[in-house]
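Encoded as structure tokens, the structure appears first; notes follow it.
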There are 2 protein chains.
Amino acid sequence: MESRRDSLIEAAARLLDAGGPAAVTLRDVGRAAGVSHNAPYRHFADKDALLAAVASRELAGNTPPEGAQPQAKAMIKAYVAWALRRPERFRLVFGRWNHADDTLGDAADDARSALIEAVKRAQTAGDLPAAEPERLTALLLALAHGAADLALSGHLAADGKGQASPQDLVEDLFAYLKTSAGPPRASGSG
Amino acid sequence: MESRRDSLIEAAARLLDAGGPAAVTLRDVGRAAGVSHNAPYRHFADKDALLAAVASRELAGNTPPEGAQPQAKAMIKAYVAWALRRPERFRLVFGRWNHADDTLGDAADDARSALIEAVKRAQTAGDLPAAEPERLTALLLALAHGAADLALSGHLAADGKGQASPQDLVEDLFAYLKTSAGPPRASGSG
DNA sequence: ACCTGAACACCGTTCAAGT
DNA sequence: ACCTGAACACCGTTCAAGT
């Protein structure tokens, strides 16, 4: 059963997808949910808290179910596919957050933990080098995030022939890593 | 000599740095430049055009001078350092742009071209694998961009010990690439 | 406990008018 | 050619009041 709170979140997400953050006004959110423009204040402290709830729901929806053991590469590619498919939600999740919303932080931690476990399995299988799992995960995530974000803003490559897609770059990185001798011990960690 | 147009751009950049995009109001821009709140309309079509001018100036300021031959790794690290030092300008440059401003696109092309040339030199020197330069450049840029953006939003790694900095990840990638046998020919390009 | 309508301060933009 | 002050529509937020 969908609570009023849920329907407000859903209305905000739809408006976000359709017209970007500028289109998410409390007046339109209220209208879409069949309430007045300030009814949302009974469920969220302010507009930012409503958007944080949209972001949390999105992150949680993308975290694999407990017990699942997806491949690291498949997870990274799913991350990129999500960013390209839902650009406004992707940008919202990684946007500016004043109230450090715990729900959002926890959802992000869960997603990252699942990815780290998948990276460890890939290392055991010999598909990824035997580096620190957290740090190698950060490398993979950074490439996927950057490729997706640059593609969305049109800055990944010049217009024209033979552009590499974000998914191509993910493939490239995994290929490079598989045949690499690994990072030097000398590099710092802070 | 600073034109009024320049002083409006400068005022907008300062307000952006100090308080994020929400702090860049035409009223405050005008006040900082000593004019009324709608004087900017004599120099820019609208607020978006003013912000585009701020972004263009920022991109142009980061492009190495004609004839310089900086190292690819140094350019990538400078890119990351810029993002961490001027987060609001970094986010502005890669944000949403409705009017496809030609000035902005051209500045971005110049910056990318300089990086591609540096990547070619590194390939010749044997520091980077002999892949397609444009595609390898996209890989490096995507990692740098993603590492910086995730660090800024606090999503690069969980809080706690031994976090890798964005600069560490750049070092890691260059190290992996140097010892790699290169990407397989089989991977697609679109 | 949840909702509404009026009101407030603020913002981007337009416009008539000035030099 | 450039600037100003008033005005308009819009938005987030608050508040008194209702059930």
Side-chain angles (χ1 to χ4, degrees), chain A residues 1-57 88-89 91-92 95-101 103-104, chain B residues 1-57 88-89 91-92 95-101 103-104:
Chain A
M1 204 206 55
E2 191 175 54
S3 68
R4 173 134 297 169
R5 186 188 145 92
D6 289 336
S7 63
L8 288 168
I9 294 173
E10 176 63 20
R14 263 194 235 277
L15 288 166
L16 181 71
D17 287 340
V24 185
T25 68
L26 290 179
R27 283 163 171 83
D28 278 346
V29 168
R31 190 155 22 233
V35 292
S36 76
H37 71 281
N38 42 18
Y41 285 95
R42 305 302 137 194
H43 302 270
F44 304 96
D46 53 18
K47 183 181 173 176
D48 239 44
L50 169 59
L51 290 175
V54 173
S56 291
R57 193 190 68 161
E88 298 296 349
R89 300 188 191 189
R91 290 186 132 146
L92 174 70
R96 257 168 279 275
W97 291 110
N98 303 329
H99 336 187
D101 189 297
T103 315
L104 223 181
Chain B
M1 205 205 57
E2 191 175 53
S3 69
R4 173 134 296 167
R5 187 188 144 92
D6 289 335
S7 63
L8 289 168
I9 294 174
E10 176 63 21
R14 263 194 236 277
L15 287 166
L16 180 70
D17 287 340
V24 186
T25 69
L26 290 179
R27 283 164 171 82
D28 278 347
V29 168
R31 190 156 20 234
V35 292
S36 77
H37 72 281
N38 42 19
Y41 284 95
R42 305 302 137 194
H43 302 271
F44 303 96
D46 53 19
K47 182 180 174 177
D48 240 42
L50 170 58
L51 291 175
V54 173
S56 292
R57 192 189 68 161
E88 298 296 349
R89 301 187 190 191
R91 291 186 132 146
L92 174 69
R96 257 167 281 274
W97 292 109
N98 302 331
H99 333 191
D101 189 298
T103 314
L104 224 179

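Here is the naming used below: chain letters follow the sequence lines, and residue numbers restart at 1 for every chain.
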Could you grab the distance from atom NE2 of B:His43 to atom OG of B:Ser7, nearest 0.5 Å is fine? 7.5 Å
First encountered from the 5' end of DNA chain C, between B:His37 and A:His37: A:His37
Let me confirm one number: the CZ-CG distance from A:Arg31 to A:Leu15, rounded to the nearest 0.5 Å. 9.5 Å
Which atom of A:Ala12 lies closest to which atom of A:Val54, heavy atoms considered: CB-CG2, 3.8 Å
Does B:Phe44 reach the side chain of B:Leu51, with side-chain heavy atoms less than 4.5 Å apart? no
Which part of the nucleic acid does B:His43 contact within heavy-atom distance under 4.0 Å: base, sugar-phosphate only, or nothing? sugar-phosphate
In Å and rounded to the nearest 0.5 Å, what is the CD to CZ distance from A:Glu88 to B:Arg96? 4.5 Å
So CG of B:Leu16 and CZ of B:Arg89: to nearest 0.5 Å the spacing works out to 7.0 Å
Quick one: how far along DNA chain D does chain A reach, first to last nucleotide 5' to 3', anything under 4.0 Å to a heavy atom? D:dC11 to D:dC15
Shortest non-hydrogen pair, A:Arg4 vs A:Ala33, comes out as NH2-O, 4.3 Å
Are any non-hydrogen side-chain atoms of B:Leu50 and B:Leu26 less than 4.5 angstrom apart? yes
Taking a pair as Watson-Crick (N1 to N3 plus N6-O4 or O6-N4) or G-U wobble (N1-O2 and O6-N3), both under 3.5 Å, which stems of 3 or more consecutive pairs involve DNA chain D? C:4-8 with D:12-16, C:12-16 with D:4-8
If you look at every heavy atom in A:Arg57 and A:Ala13, which pair is closest and at what distance? NH2-CB, 3.5 Å
Please give me the minimum heavy-atom distance between A:Trp97 and A:Ala55, naming the atom from each residue. CZ2-CB, 3.8 Å
Going by number, which of residues 14-35 of chain A have a non-hydrogen atom under 4.0 Å from DNA chain C? A:Arg27, A:Val35
